[in-house]
Amino acid sequence: SRWEEEKKEDGVKWTQLEHRGPYFAPLYEPLPEDVHFYYDGNDGIWDIWSVWPLLDLSIPSFAQEMTSEEQKIIQDLEKCDFSEIHKYFVDKSEARKALPKEEKQKLKEEADKIQEEYGYCILDGHREKIGNFKTEPPGLFRGRGDHPKMGMLKRRIMPEDVVINCSKDSKIPEPPEGHRWKEVRSDNTVTWLASWTENIQNTLKYIMLNPSSKLKGEKDWQKFEVARRLKGVVHKIRAQYRADWKSREMKKRQRAVALYFIDKLALRAGNEKEEGETADTVGCCSLRVEHIQLHPELDGQEHVVEFDFLGKDSIRYYNKVSVEKPVFKNLQLFMKNKDPTDDLFDRLTTSFLNKHLQDLMDGLTAKVFRTYNASITLQEQLKALTNSEDNVAGKLLSYNRANRAVAILCNHQRSVPKTFAKSMEILQTKIDAKKKQVEEAQQELKKAEDEFEETKDSKAGANVEKKKKQLKRLEEQLARLHVQATDKEENKQIALGTSKLNYLDPRISVAWCKKFGIPIEKIYNKTQREKFAWAIDMAREDFEF
């Protein structure tokens, strides 16, 4: 299959790469004459050239864009009135939504044309889809959570900022008229097609291939193969870190406790970060004393550690866990004579931890534990929860429950959707209506049975069978709605998508579908089926992670 074509020499990712370069965000359109900006009640005298949903605009980034005249007048963000501008954009977006069908179709065709032209590349003779081929328009930087750079202005990306990567003999992409690329290179050890530096964090941004591409698929497959290798050595690793809890070297003890957390709680390792550059989020190695509380006893459990910190993307991690006694004793030791803001694992760095993991198994990093524990949990939960007697809806509920167990392990939360109450209400109305139909069908069946008792007529007998079938169908529909409601309720604060896309070996799900005769589209939508084409191709129903 195309997943197993000829292997290239180490480090080489492609021999041929040809593409059109990025599609640049449309240029700024000045506002109509009658849309005004007001400062302190006065009509704005100047054309404000960019519009921001003014959630978090910082005056410094605003000031950079003003003339010195304007800077004299505009001192206070509170006095800026963007309401007309805001209304103009809201109206514009509403008008777009209200367009007649054929207009919408026309816009879709235009978008498809751009996708056809810029959204594909030729890689080693295969036409592959590109993930993000459009540059981001200028606007306000939001960041996740309480980001110190929130409200700063993201500059427009120009061709002069962009480095193009393609093969030497390919047709080199043309920059937009009157512009040139920053550089054109041919580096076949990387998989990106174009890159530039963004101005907020000074980090590199890349145009990459779509997850459905062969290159990404292979990488994904390898990721799960590494996690499957961990399965063979994990008992040895666990024995080793448990022995290290008693090590005479403080550094080793801290490493062993951190590894226990990463393994047992699927915590992320956490990187060393520059202060003030990013939001104050931590992982396992960067935990501070203030992030945990120790309870010798809590809610009837012994040796409880209470975690409370902001993890990746400023998502709060809150958990109370009963740990083994030596872990508890070690934590008491690590916290002794420290201030709340001191590091819990003061001798430990992520690189020291990952170097140790690499020694234990080739390719092992903290992230592999997350992938391994997520996938193994899904497989075990599916075995425990799936009842082969259930109908499809019942089996899918079991699948979602297994997926939920993983999302909880990985702390993938979401805020309750705004529309939750409303859609739950609609579902409840459907349930009530269906109940009524079931009651009516029960009465009709009773009536038909009475009639058959009296007449013993074959026609009346057939009618009884018909009414029985009707009732059975309605009862099944009602059961399905109940399952849906249960599923929705249990899922309201849990995000299933992250683990499904990143941490769960898709072959487990594919094998489960094949084993129980569940259509794969019930588990994976079209995009996911494209991403996991390699697994759908490969996994038989007896696949074991």
Side-chain angles (χ1 to χ4, degrees), residues 17-32 35 49-53 85-123 126-142 153-166 170-179 181 191-196 198 205-217 417-419 497 500-501 521 524-533:
L17 175 60
E18 184 170 307
H19 57 93
R20 286 290 308 260
Y23 182 79
F24 289 92
L27 293 172
Y28 174 68
E29 285 179 27
L31 290 167
V35 177
W49 53 268
S50 179
V51 173
W52 302 307
I85 300 173
H86 183 246
K87 182 179 182 316
Y88 168 75
F89 278 91
V90 171
D91 291 350
K92 209 168 153 173
S93 129
E94 288 303 318
R96 245 205 322 273
K97 284 183 200 152
L99 282 176
K101 208 167 160 192
E102 41 284 355
E103 287 291 319
K104 277 191 182 156
Q105 184 55 33
K106 224 162 86 182
L107 288 176
K108 187 183 177 304
E109 279 163 17
E110 282 165 27
D112 288 348
K113 210 173 118 187
I114 294 169
Q115 167 82 45
E116 278 301 307
E117 196 174 331
Y118 288 88
Y120 290 90
C121 67
I122 305 289
L123 186 128
H126 292 279
R127 184 169 184 257
E128 298 279 18
K129 203 170 177 181
I130 301 172
N132 51 330
F133 60 92
K134 295 179 173 174
T135 64
E136 284 183 32
L140 285 189
F141 175 74
R142 174 61 188 87
L153 196 60
K154 285 193 297 194
R155 272 199 6 253
R156 179 178 292 280
I157 308 298
M158 300 303 268
E160 285 71 13
D161 302 316
V162 175
V163 176
I164 295 287
N165 191 26
C166 60
S170 74
K171 188 172 176 299
I172 290 170
E174 293 275 327
E177 211 171 316
H179 290 279
W181 302 121
T191 60
W192 52 267
L193 283 57
S195 78
W196 58 87
E198 53 87 31
K205 292 269 191 184
Y206 299 98
I207 286 184
M208 298 278 202
L209 288 177
N210 181 287
S212 66
S213 60
K214 175 168 181 267
L215 220 93
K216 288 277 193 210
K418 288 190 186 67
T419 55
K500 203 183 226 181
L501 275 181
E521 348 3 295
Y524 292 134
N525 65 26
K526 182 165 178 283
T527 315
Q528 292 163 338
R529 291 198 299 277
E530 285 170 3
K531 175 175 178 168
F532 296 139

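Applying the salt bridge (Lys or Arg N to Asp or Glu O under 4.0 Å) test to Arg20 and every residue at least two apart in sequence or in another chain returns Glu117. Here Lys129 pairs with nothing under the salt bridge (Lys or Arg N to Asp or Glu O under 4.0 Å) rule; sequence neighbours left out. Every ring pair (Phe, Tyr, Trp, His ring centres under 6.0 Å) that Tyr23 has, sequence neighbours left out, goes to Tyr118. Annotation: ring pair (Phe, Tyr, Trp, His ring centres under 6.0 Å) contacts of Tyr120 (sequence neighbours excluded): none.
Arg529 contributes a side-chain N or O that, together with a main-chain N or O of Tyr524, makes up a donor-acceptor pair within less than 3.5 Å.
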Which pairs of donor and acceptor atoms, one on a side chain in residues 153-160, lie under 3.5 Å apart (sequence neighbours left out)?
from	atom 1	to	atom 2	distance (Å)
Lys154	NZ	Glu136	OE1	2.7
Arg156	NH1	Ala25	O	3.4
Arg156	NH1	Pro26	O	3.2
Glu160	OE1	His179	ND1	3.1
Glu160	OE2	His179	ND1	3.1
Glu160	OE2	Arg180	N	3.2

I'd like a table of donor-acceptor pairs (distance under 3.5 Å, sequence neighbours excluded) in which one partner is a side-chain atom from residues 103-113, with atom names and distances.
from	atom 1	to	atom 2	distance (Å)
Lys104	NZ	Lys97	O	2.8
Gln105	NE2	Glu109	OE2	3.3
Lys108	NZ	Asp112	OD2	2.9

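Nearest heavy atom pair, residue Trp196 against residue Thr135, reads CH2-CG2, 4.1 Å. Listed here is the closest heavy atom pair of Phe133 and Ile114: CE1-CG2, 3.9 Å.
Under the 4.5 Å side-chain criterion, counting only non-hydrogen atoms from C-beta, Leu17 is in contact with Leu123.
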_Checking Thr191 against Leu209 for the side chain to side chain contact (heavy atoms under 4.5 Å, CB included) test, could you report, in this order, the C-alpha distance in whole Å, the side-chain angles of both residues, the deciding distance, and whether it holds?_
CA-CA 8 Å; Thr191 60; Leu209 288 177; 5.7 Å; no
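In this structure, CG in Asn525 is found 11.5 Å from NZ in Lys531, a value given to the nearest 0.5 Å.
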